[in-house]
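Each remark here refers to the structure printed beneath this line.
Sequence lines set the chain letters: A, B, ... in the order given, protein chains first and strands last, and positions in each chain run from 1.
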Amino acid sequence: MKTMTRKTALAALAVAPVFGYLATRKTTETKPATRPIRREPFRAGYFPNVAMQTHEGKTVRFYDNLLKDKIVVINFFYSRCGGLCSPVARNLAQVQKLLGGRVGRDIFIYSISLDPGHDTPAVLREYARNRGIGPGWLLLTGRPEDVELLRRKLGFTDPDPVVDRDKSQHAGIVRYGNEALQRWAACPGEAKPEWIAKSILWMDWPKAMKKGA
Amino acid sequence: MFKLGLLTAAGYLVPKNGLSQVASGGLPVSPPTTPFVEMMPVPPIKETLDGLDPPPKVMPQAGEGRTRPHQALEMFPPVRFAEVHQREALHSFHPELPMQTIWGFDGMFPGPTHVCRYGEPYLVRNHNDLPEDNGGFGLPSVSTHLHNSHTPSESDGFPCDFFEHGQFYDQHYPNVLAGFSKQFPPNGDPREAMSTLWYHDHRVDFTAQNVYKGLAGFCLLFNEHDTGDESTGFRLPSGEYDVPMLFADKVFDPEGLAFFDLFNLDGIIGDKLTVNGKIQPFFPVHPRKYRLRLLNTGPSRFMQLALSDTRRPQQILPLMQISNDGNLLPRPVEVESIHLSVAERVDVIVDFSESAGRSFVLLNRMEQINGRAPTSRIMPVGASDAVMRFDVVLPPVADSPPLPEHFYDLPPTNANSPEVVARRLFRLDRLQGQWTVNGRIFDCETALVTPREGTAEIWTIQNTSNAWQHPVHIHFEEHQILTRNGQRPSVVERARKDVTRLGFGETIELFIRFRDFLGRYPAHCHNVVHEDHAMMMRFDIVP
Ligand SMILES: [Cu+2]
């Protein structure tokens with residue numbers, strides 16, 4: 001990702017949530033002609049770098065290992081879910097096929113369990129095996145408070161507190177993004193898999209940043 | 001000095017540093033800015049050309065993002081042309097905030113104002129010159145929609161007809177009245193004349209981000225009555241006294257850069273109100289009549305606007321509302337306030353002729369604390385948010401004549417007329433964070449309904465929720481509301497519209513025609529965050 005670093009330093013309009021620093025700039029300061037934004041601190045500052053366990057039994061850092069410099073697809077689910085989880089998982093399996101070899105190379109799919117107490121890595125491994133979840137698609141579990149933090153930061157919440165607490169009514173959307181470009185959007189998890197795959201490719205690297213370019 | 005006057009007025013509090021409302025949902029709170037320090041700019045009028053190189057073609061040509069032939073280019077050959085470059089540029093929202101990158105039509109926010117006339121077909125070549133690697137919000141892929149022009153489908157800016165960096169797209173605007181082909185040949189139904197339109201990016205799933213970044217502007221459409229010359233026709237205030245005002249609320253991060261919450265599903269509420277790209281500007285006026293064209297571009301805010309005298313805040317200056325969603329009403333209506341959902345437009349005539357030396361603050365009185373819906377509480381004058389201020393400080397000049405008593409009659413909406421061939425029900429619903437219309441998720445490729453060209457239909461639209469409100473926009477033809485929750489609506493709301501607000505649990509019944517052109521169009525929520533999360537349906541007009 002060497003080319004990325006150079007490019008990201010040049011990027012001008014990063015507008016992501018700011019954490020941990022306050023404006024010290026005085027309003028009298030002269031206006032610079034352009035404002036190259038320090039994109040790195042915005043990125044790392046927003047996404048919780050919490051420890052998660054994968055269904056393969058590995059411990060990973062959410063930002064450092066799963067998000068940074070990648071095109072990612074994220075949804076929430078749980079193994080005992082009787083509702084939307086199955087159709088969405090079926091859709092994502094199709095999406096994985098449609099994206100071909102790129103999943104696991106520079107596109108990664110993450111399904112985060114809303115039921116971490118039950119969904120241990122072993123339970124998730126079983127779930128993955130039953131559904132033919134292939135490489136490049138990780139099922140994730142972690143400490144409940146970390147899962148909750150991720151759910152909030154990634155925008156899978158409902159403004160109605162009753163609905164928000166009820167995981168059987170969890171947001172059935174699929175979020176996709178290019179972390180390096182800070183490009184993010186979402187689509188319904190029940191959209192057609194072809195549409196979801198197409199949407200994910202809108203996050204693709206600009207020509208100059210393509211791997212091997 | 002202006003600020004002091006406001007703060008010392010009895011019971012009147014214009015927050016020194018912007019809005020009184022606190023951004024919710026973990027958003028940053030914008031840095032303070034002093035109100036009324038910069039003059040409100042008026043977007044320049046777009047210069048037109050006699051032709052383009054290469055000339056427009058019926059079939060898409062090399063480098064063009066269009067995928068379908070123009071259906072009416074030969075029937076309505078353009079007599080005027082324009083070339084617009086959508087590109088990034090530096091912009092100042094306020095002198096106390098840093099210069100920052102925006103996206104604009106011709107690098108401006110708002111974009112230049114297109115001035116059009118009925119009977120003069122117009123063609124705009126839009127170039128996508130946006131940067132491929134912008135970083136942050138916004139996708140450099142666009143579909144340019146002229147809201148709510150009677151435009152053939154391939155020029156409408158259908159959300160899925162987007163074009164990419166380096167491509168262009170020829171948009172053909174026949175500027176013809178609806179009904180020209182069958183019901184009112186050859187010129188269309190004169191009661192369907194439109195006046196205040198706006199154009200904006202409509203890229204599927206990225207409209208909120210791209211419009212927030214600056215891709216929006218006005219288009220004014222004149223005819224032999226609303227002439228753009230106050231000495232002819234309806235003799236409405238014209239020229240420098242005809243002022244388009246584009247509202248957009250934004251939130252800025254601690255560095256002072258426009259912030260867009262990419263992880264929000266509900267709607268985004270900015271704690272800074274901008275008018276024509278400036279936070280809380282002032283605007284000097286002459287003591288005479290003005291036509292103000294008010295447009296709320298959101299992303300999600302519902303506004304209730306009123307003009308209050310800075311020295312006697314409780315004194316609300318009456319407004320003459322002359323239009324509804326850019327369509328002149330049957331007659332002017334005096335109102336105390338204007339309600340604007342996202343994408344709604346209202347033209348008002350404000351008479352400053354008795355007010356030399358005074359100042360008026362434009363207030364937003366609608367309380368809204370999240371992107372879902374307003375609280376529906378109308379804030380007291382003293383606690384309302386100041387949008388901008390008019391200062392009647394310019395010298396006296398000749399005024400335009402009194403308003404006419406009559407503009408256009410409304411087209412008939414007889415539900416029993418033989419032209420009405422279908423009644424349809426649309427239920428707006430939400431299934432676990434996914435918006436649905438009649439239980440279906442939006443799909444670019446599939447029409448939910450297929451009205452027949454040359455017919456009319458009655459649509460019932462239902463908001464099943466008591467927690468959300470939606471300004472619903474139907475492309476291509478104006479509609480008229482027959483009932484709101486079973487009741488006949490006010491005279492203003494019965495007039496032609498293209499955005500209809502659905503309050504909590506509301507049901508509206510509307511009359512709409514489908515005339516002249518064929519093809520795909522969307523209907524969608526114009527809370528653009530809802531829209532981008534698929535609160536949309538496609539309808540195809542079929543022969
Ligand atoms: Cu909505």
Side-chain angles (χ1 to χ4, degrees), chain A residues 7-8 10-18 21-25 27 29 31-35 37 39 42 46 83-84 152-160 163 168-173 175 177 180-192 194-195 199 202-203 205-209, chain B residues 25-28 31-34 88 90 92 95-102 131-141 165 204-206 209 213 253-266 370-372 431-436 441-446 467-468 532-534:
Chain A
K7 270 284 173 185
T8 48
L10 290 173
L13 2 140
V15 182
V18 184
Y21 70 96
L22 292 167
T24 49
R25 187 178 51 79
T27 51
E29 194 180 290
K31 287 177 209 159
T34 57
R35 290 184 59 85
I37 303 308
R39 196 148 74 170
F42 286 86
Y46 183 73
L84 265 187
R152 302 211 156 273
K153 299 291 279 190
L154 296 169
F156 284 79
T157 53
D158 193 282
D160 178 341
V163 174
S168 75
Q169 297 189 60
H170 71 92
I173 57 158
R175 207 170 269 298
L181 296 182
Q182 292 192 48
R183 189 173 281 175
W184 291 93
C187 68
E190 287 185 294
K192 285 184 185 162
E194 295 77 16
W195 179 250
S199 305
W202 296 335
M203 301 296 104
W205 307 104
K207 278 178 225 99
M209 294 171 72
Chain B
L27 289 179
T33 52
T34 312
E88 85 179 356
L90 285 173
S92 166
E96 292 158 9
L97 297 181
M99 291 288 280
Q100 52 197 282
T101 313
I102 53 122
E132 272 192 292
D133 170 22
N134 54 294
F137 67 88
L139 189 73
S141 169
H165 165 86
V204 64
D205 294 358
F206 291 85
Q209 303 184 25
K213 212 148 174 169
D253 72 13
E255 291 227 336
L257 302 173
F259 171 91
F260 185 96
D261 184 356
L262 289 163
F263 299 94
N264 176 305
L265 293 174
D266 305 342
N370 61 44
R372 268 184 300 170
L431 173 71
Q432 292 186 239
Q434 310 174 104
W435 293 108
T436 58
I441 286 168
F442 174 64
D443 173 10
C444 281
E445 309 296 328
T446 313
W468 303 82
D532 281 350
H533 293 100

Exercise for the section: Not counting sequence neighbours, which residues clear side chain to side chain contact (heavy atoms under 4.5 Å, CB included) with A:L154? List them please. Expected result: A:F47, A:F62, A:I74, A:F76, A:I112, A:L150, A:F156, B:F263
Problem - Close side-chain approach of A:E190 and B:T436, heavy atoms under 4.5 Å - result: no
Completion exercise
When the 4.5 angstrom heavy-atom criterion is applied to B:A467 and chain A, the contacting part is neither
Exercise for the section: Could you give me the CA-CA distance, side-chain angles and deciding distance for B:Q432 and A:V163, then say whether side chain to side chain contact (heavy atoms under 4.5 Å, CB included) is met? Expected result: CA-CA 9 Å; B:Q432 292 186 239; A:V163 174; over 6 Å; no
Exercise for the section: Tell me, please, which residues at least two apart from A:W202 pass ring-ring contact (aromatic ring centres under 6.0 Å, His included). Expected result: A:W195, B:F162, B:F206
Practice task
Starting at CG of A:D158, measure out to CZ of B:R372 and round the result to the nearest 0.5 Å.
Solution key: 7.5 Å
Problem - Side-chain donor/acceptor of B:Q434 to backbone N/O of A:A191, under 3.5 Å - result: no
Exercise for the section: State, yes or no, whether a side-chain contact exists between B:P140 and A:R183 at a heavy-atom distance under 4.5 Å. Expected result: yes
Exercise for the section: Dump the intermediate steps for side chain to side chain contact (heavy atoms under 4.5 Å, CB included) on B:L265 and A:R175, then the final yes or no. Expected result: CA-CA 11 Å; B:L265 293 174; A:R175 207 170 269 298; 3.8 Å; yes
Exercise for the section: May I ask you to test the B:D443-A:E194 pair for a side-chain heavy-atom distance under 4.5 Å? Expected result: no
Handout entry: Minimum side-chain heavy-atom gap B:N134-A:Q182 below 4.5 Å
Key = no
Completion exercise
Tightest non-hydrogen contact, residues B:D205 and A:A186, listed as OD2-O, 4.2 Å
Practice task
Check each atom of B:W468 against the heavy atoms of chain A and say whether the ones under 4.5 Å are side chain, backbone, both or neither.
Solution key: side chain
Completion exercise
In short, A:I173 meets B:G433 closest at the heavy-atom pair CG2-O, 3.5 Å
